[in-house]
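Below is one structure, written out as structure tokens; comments come after it.
Source: prediction; values computed, not measured. Starting from 1, each residue takes its place in the sequence as its number.
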Amino acid sequence: MLRMNDMLPVVVVHGGAGHIPKDRSEMSTAGVCSAARAGYTILRGGGSSMYAVVEAVSILENNPCFNAGCGSVLNIKGEVEMDAIVMDGLTLGSGAVSAVRNIANPIQLARLVMDKTSHSCLTAEGASQFARSMGVPEVCPESLITEYSRMRWAKNLAPDANPVESQIGKMGTVGAVAVDSEGNISCATSTGGMLNKMEGRVGDTPCIGSGGYADDQVGAVSTTGHGEAIMKVTLARLILFHMEQGQSVEAASDLGLAYMKSRVSGLGGVVSVDPQGHWAARFSSLQMSWAAAQTETLHYGLYAGEHFTQSLGGPL
């Protein structure tokens, strides 16, 4: 008879749903694999699922390939505004920040909101004031802007710009879910938002139940995709609802994504996990870079149906 923790611990990460050009796909895959390895190292050492997901997402925020942290897309004014959320499945505690500009790792600030305040979300200048009070170092906003992001921003300003095509080539929102050896579950999601968005636009990522949700009794989900569509169907919580009804992690993820596509024509992707350590990385977009680490094996993929594995003792 299998014990509950025979499949634990586990961490699953995503690097965003969308269309990733061939010349950037290897970087995306390598990035999510490194993040999964780092999260799993924490879990394997007895660390908490919250520590693991925040570390995994911080690594992705520090990677300029992704639309989070130092790779964030630019708003209509050519500025970075970032959103992030964490949620603890043991207590249902959560913390989020939105429209933050000069923080290198918004996911770490989101965790401080959860741990150090009585609130669930702080925004813009209020989040910045809180960060200063916590001793979080501020960075120059220019340090978060890559040449690639600036090029995409400028291209989308052209009168004949195709708003769909302009999103192509910019990897999306990043996130992670994990279950630790104690059976506690957490999620974390971070993003730079939509390319050339209006100033002050906030998407699904910092909204509990949309950008992420974690509950030790059910599971956890981190989402990526078109934020306005995800919010309309509260995608993360919708998938957990299907899990509560007895659906597997994979089936529940597919049901949630299919509903979002049929109901509001939204594309996206998710990483999901249940308390027993079953996990899924599912998406309705063309691609989503993802990686999972469990029982000393690294799993990863980019296209639908793609699933590679290697030993965690192998090269990065």
Exercise. Please say whether more than 12 non-hydrogen atoms of neighbouring residues, nucleotides or ligands are located less than 6.0 Å from NZ in Lys197.
Key: yes

Exercise. Supply the atom-to-atom distance Phe283 CZ to His14 NE2, rounded to the nearest 0.5 angstrom.
Key: 12.0 Å

Quiz item: Is Thr223 reaching over with its side chain to a backbone N or O of Ser210, donor-acceptor style, under 3.5 angstrom?
Solution: yes

Exercise. Looking only at non-hydrogen atoms, find the nearest pair between Ser49 and Ala178 and report the distance.
Key: CB-O, 3.6 Å

Quiz item: Within a radius of less than 6.0 Å around CD of Gln217, do more than 12 heavy atoms belonging to other residues, nucleotides or ligands occur?
Solution: no

Self-check item: Side-chain heavy-atom pair Val53, Val86 within 4.5 angstrom cut-off
Solution: no

Practice problem: Using a strict cut-off of less than 4.0 Å between a Lys/Arg side-chain nitrogen and an Asp/Glu carboxylate oxygen, indicate whether Glu142 and Arg150 qualify as a salt bridge. | Solution: yes

Practice problem: Would you list the pairs meeting salt bridge (charged side-chain N to carboxylate O under 4.0 Å, His left out) in which at least one residue belongs to residues 284-305, sequence neighbours left out? | Solution: Arg44-Glu296

Practice problem: Side-chain contact test, heavy atoms from C-beta onward, threshold under 4.5 Å: evaluate it for Ser58 versus Gln108 and give yes or no. | Solution: yes

Quiz prompt | Expected output: side-chain Asp180 to main-chain Leu43 donor-acceptor under 3.5 Å | solution = no

Practice problem: Check whether any side-chain N or O of Asn67 sits under 3.5 Å from a backbone N or O of Val73 as a donor-acceptor pair, and report yes or no. | Solution: yes

Self-check item: N/O donor-acceptor pair under 3.5 Å between Asp88 side chain and Ser94 backbone
Solution: no

Quiz item: At what distance, to the nearest 0.5 angstrom, does CG of Leu267 lie from CE of Met288?
Solution: 13.0 Å

Exercise. State, to 0.1 Å, how close Ile103 and Pro106 come at their nearest heavy-atom pair, and which atoms those are.
Key: O-CD, 3.8 Å

Quiz item: Does Glu61 reach the main-chain N or O of Ser190 with its side chain, forming a donor-acceptor pair under 3.5 Å?
Solution: no

Quiz item: Side-chain heavy atoms under 4.5 angstrom apart, residues restricted to Ile, Leu, Val, Met, Phe, Trp, Tyr: same cluster for Tyr300 and Val174?
Solution: yes

Quiz prompt | Intermediate values then yes/no, side chain to side chain contact (heavy atoms under 4.5 Å, CB included), Glu125 and Gln129 | solution = CA-CA 6 Å; Glu125 181 54 30; Gln129 290 177 14; 3.4 Å; yes

Practice problem: Kindly write out the residues that satisfy salt bridge (charged side-chain N to carboxylate O under 4.0 Å, His left out) with Arg263, not counting sequence neighbours, or none if the list is empty. | Solution: none

Quiz item: Does a side-chain N-to-carboxylate-O contact under 4.0 Å join Glu228 and Arg201?
Solution: yes

Practice problem: Over all heavy atoms of both residues, which pair between Thr123 and Ser98 is shortest? Give the atoms and the distance, please. | Solution: OG1-OG, 2.7 Å

Quiz item: Within the distance-only criterion (no hydrogens, no angle test), does the side chain of Ser262 pair as donor or acceptor with the backbone N or O of Ala258 below 3.5 angstrom?
Solution: yes

Quiz item: Are any side-chain N or O atoms of Glu81 and backbone N or O atoms of Glu199, one a donor and one an acceptor, separated by less than 3.5 Å?
Solution: no

Exercise. Calculate, to the nearest 0.5 Å, the distance between atoms CZ and SG belonging to Arg237 and Cys207 respectively.
Key: 15.5 Å

Quiz prompt | Shared hydrophobic cluster, Met198 / Val202 (ILVMFWY, side-chain heavy atoms < 4.5 Å) | solution = no

Quiz item: Any chain of hydrophobic side-chain contacts (each under 4.5 Å) joining Val100 to Ile76?
Solution: yes

Practice problem: Determine, using the 4.5 Å side-chain heavy-atom cutoff (strictly less than), whether Val136 and Leu144 are members of one ILVMFWY cluster. | Solution: yes

Quiz item: Other than Met243, what residues sit in its cluster of Ile, Leu, Val, Met, Phe, Trp and Tyr side chains whose heavy atoms are under 4.5 Å apart, directly or through others?
Solution: Ile85, Met87, Leu92, Ile208, Tyr213, Val218, Val221, Ile230, Val233, Leu235, Leu238, Ile239, Leu240, Val249, Leu257, Tyr259, Met260, Val264, Val270

Exercise. Mind checking the CE-CD1 spacing from Met50 to Ile185? Nearest 0.5 Å is all I need.
Key: 11.5 Å

Quiz item: Do any N or O atoms from the side chain of Ser222 and from the backbone of Val177 form a donor-acceptor pair under 3.5 angstrom?
Solution: no

Practice problem: Identify the two heavy atoms, one from Gly183 and one from Leu8, that lie closest to each other, and give their separation to 0.1 Å. | Solution: CA-CD1, 4.1 Å

Self-check item: Leu298 reachable from Val11 in the ILVMFWY side-chain graph, under 4.5 Å edges
Solution: yes

Quiz item: What is the minimum heavy-atom distance between Ala84 and Thr205, and which atoms define it?
Solution: CA-CG2, 3.9 Å

Quiz item: Are the side chain of Ser133 and the backbone of Phe130 linked by a donor-acceptor contact shorter than 3.5 Å?
Solution: yes

Exercise. In sequence, state the C-alpha distance, the side-chain angles, and the governing distance for Ser248 and His278, and then conclude on side chain to side chain contact (heavy atoms under 4.5 Å, CB included).
Key: CA-CA 8 Å; Ser248 69; His278 302 104; over 6 Å; no

Exercise. Assess whether side chain to side chain contact (heavy atoms under 4.5 Å, CB included) is satisfied between Val271 and Val13, documenting all intermediate values.
Key: CA-CA 7 Å; Val271 290; Val13 306; over 6 Å; no

Practice problem: Could you tell me the separation between the CE atom of Met7 and the CG atom of Asp274, rounded to the nearest 0.5 Å? | Solution: 7.0 Å

Quiz prompt | Mutual orientation of the aromatic rings belonging to Trp279 and Trp290 [parallel < 30°, tilted 30-60°, perpendicular > 60°] | solution = tilted

Quiz item: Minimum heavy-atom separation for Pro64 to Thr146, with atom names?
Solution: CB-CG2, 3.8 Å

Self-check item: Candidate list Val32, Thr173, Thr191, test side chain to side chain contact (heavy atoms under 4.5 Å, CB included), partner Phe66, passing option
Solution: Val32

Practice problem: Quick one: pull up CZ in Arg152 and CG in Leu195 and give me the separation to the nearest 0.5 Å. | Solution: 8.0 Å

Quiz item: Can Ser48 and Asn184 be said to form a side chain to side chain contact (heavy atoms under 4.5 Å, CB included), step by step?
Solution: CA-CA 8 Å; Ser48 71; Asn184 294 328; over 6 Å; no

Quiz item: Is the backbone N or O of Met82 less than 3.5 Å from a side-chain atom of Ser72, with the two atoms forming a donor-acceptor pair by type?
Solution: no

